[in-house]
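In the text below, chain A, chain B and the rest are named by the order of the sequence lines, each starting its count at 1. Since the model is a prediction, treat every value here as computed from it, not as a measurement.
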Amino acid sequence: MATNHSLVALFRELAQLATLDEGSANSFRVRAYENAVEAIASHPGDLGQLSERELTKIDGIGSSTARKIREFFQNGSIGKLEELRRKFPPEFVALGRIPGIGPKTLLRLRDELGVTNVDTLAAALAGRKLRSLPGLGVKTEEKILQSIGRLRAAGFEPGAEQPRVPIAKAMPIVRELTAALAAVPAVEDVQYCGALRRLDETTGTVDIVAATLEPLAAHAAFASQQAVAKVLDRDAVTTSVETATGLRVDLHTVDPERFGVACLLRTGSPEHVAKLRSCAAERGFTLDESGLLDADGEVIASVSEDAIYEALGLAPIAPPLREDRGEIEHAEKGALPPPILLPQVRGDLHVHTTLSGDGRSTLEEILDAAAARGYEYLAITDHAEDLAINGATREQLTAQRRQIDGLRGRHPGLTLLHGSELNIDRDGDVDYDEAFRHTLDWCVASVHSHFDLDRSQQTRRILRAMDDPTVHVIGHLSGRRIGTRMGIELDVDQVLQKAVATGTAIEINAALPRLDASSEVLYRARGMDVTFVISTDTHHTREFARMEWGVLHATRGWVDPDRVANLWPRARFLDWLHSRRA
DNA sequence: GCCGTTTTCGGCCCGACTGTTTTCAGTCG
């Protein structure tokens, strides 16, 4: 249910802050909050309709969580969360993103050295204060200094309160708001714009454009949404709000005649729009809020974005491409890579079941969900044994193999591949022995550890994994978590060349916190014979829906659809798979 | 904080690695 997204975000934050409060991510309270997130996210109905008593009947929600949920629907906030936010200000919480600093160390730094933000941390490091604390030493100081340096080099400012919000955090709330607006009878059309629509990794203020002849109704409906914590500003055409999660969202209403141009201008990027304007000028036109105008000031196009591009002599340009990376020049020549569309996807090749410690759906549920999406093929890839909590032993995988064989008749149109998500260790070796791996149909190999190695070491381990004949694809190439964890640094050109040489595919991980490989890496690969697969890394049946983001992300990276293996018909895909294994 | 119960507290999942130790705490996935 759409309106549960705010709750999910709030309980996630609660879990994060409780980790600090409890001094451990493994505390039972923290895990209870995480279970609550899972329970809320999985609940199909509107939780706002349920009483406290009914809420506690849901698995994973007890009396305390039920009370907090009711509190949210009544007050728009949760007292416990407000209290923790006061106790742990954002600039302090942000220090927890520095690799090597866990909750215990962070609290000690605050209590014993007065560290509250990146500046006081830097001062403590400069004064060599950390080594004076029992249990910490010179190595710890060096490691933290190095982490800060690396984060800064990558554009992260560890102590800064992030002005930009990671896409995974913003998207669900914005989707909820646009869905609510779409349901307002007076609203003819609605679209979220800006960085979010371009599928950029982070967003600032989100702009939503609504086409309506009755703006008052739209603004009233918007301001009264459950996700809205407070209205910041309001005039005849714009309402600015802050959500319960701290995201700023502006609703702009326009006459339906100008919906297209409003979306175009608010989607950006600013560089793309600037180039469009000069493109218009070359043709004797102008582009402003009222539309594309000819020399006489007559509107030539304004209702739809496509009409504006067409009037400029351009093929339509998909929002993720609008970054002024040559898309306008390509559109002039009709040479733009076609956008990848969701219905073109024929299979998913990175999927977990409950055999993975963090998997939430059973094998049967996964198969049914994949069949319901109309997939022709599916790879089951539970975690391999070296992933401490989550991994499957070879005996478990062998048993799963038999289970899968027994289920092949369940959905005759769905070809099942049995595989695993292997762990690339620090040297580039993967789990199990090669003979056993050869019994698997499909192996994803991913980095889950040793994020602190340097670029040449990281590159070496990836290249070595690609040389392994049993590895079909490298999963989430950098291992990043947008806004939370930097990925590993790689010599991307070497990795791409190796992908071509070995035929190892590169995964385009569709999970919004990952979007990995990054669109920069994908863009770099254009023109090369790199094979890609777009995968959801599903741990719960609902996550199959992430494929929507995967295809947009691939489009953003200028990926040629013909290079994406899971868009191929089954026969072609299986031919490729078998030729690789030969 | 949740759950289950011979109803009201005790159990809830872990293993490798690192840096600091001299037997272990903290971090990570």
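In terms of position on DNA chain B, the residue among A/Lys139 and A/Tyr33 whose nearest nucleotide sits closer to the 5' end is A/Tyr33. Along DNA chain B, the nucleotide nearest to A/Gly23 and the one nearest to A/Leu133 differ in position, and the one closer to the 5' end is contacted by A/Leu133.
Nearest nucleotide to the side chain of A/Arg426, out of B/dC28, B/dC12, B/dT18: B/dT18. Counting only heavy atoms from C-beta on, A/Lys80 has its side chain closest to B/dG1 among B/dT20, B/dT27, B/dG1. Comparing B/dG29, B/dG19, B/dC2 by their closest approach to the side chain of A/Phe451 singles out B/dG29. Distance from the side chain of A/Ala32 is smallest for B/dG1 among the nucleotides B/dG1, B/dG19, B/dC3. The nucleotide whose nearest atom lies closest to any side-chain atom of A/Arg29 is, among B/dG19, B/dC14, B/dG1, B/dG1. Closest to the side chain of A/Asp59, out of B/dG19, B/dC2, B/dC3, is B/dC3.
Within 3.5 Å, a donor on the side chain of A/Arg31 pairs with an acceptor on the base of B/dC13, or the reverse.
For A/Lys143, no side-chain nitrogen or oxygen approaches OP1 or OP2 of B/dT27 to under 4.0 Å. Residue A/Thr140 places none of its side-chain N or O atoms closer than 4.0 Å to OP1 or OP2 of B/dT18.
Here, B/dG29 and B/dC13 have their C1' atoms 13 Å apart, quoted to the whole Å. Taking atom P in both B/dA25 and B/dT20, one finds a spacing of 16 Å when rounded to whole Å. Here, B/dT22 and B/dC17 have their P atoms 23 Å apart, quoted to the whole Å.
No side-chain heavy atom of A/Thr362 sits less than 4.5 Å from a side-chain heavy atom of A/Thr353.
Remark: C1' of B/dT18 and CG of A/Leu130 are 16 Å apart, rounded to the nearest angstrom. Rounded to a whole Å, the CD atom of A/Glu38 is 19 Å from the P atom of B/dG1. Taking atom CD on A/Gln396 and atom C1' on B/dC13, their separation rounds to 13 Å, with Å as the unit.
In this structure, A/Thr65 reaches the sugar-phosphate backbone alone: every heavy-atom distance under 4.0 Å involves primed, P, OP1 or OP2 atoms, never a base.
Against the 90° criterion about 0, the sugar-base torsion of B/dT6 places it in the syn range. An anti orientation is assigned to B/dT22, its glycosidic angle lying beyond 90° of 0.
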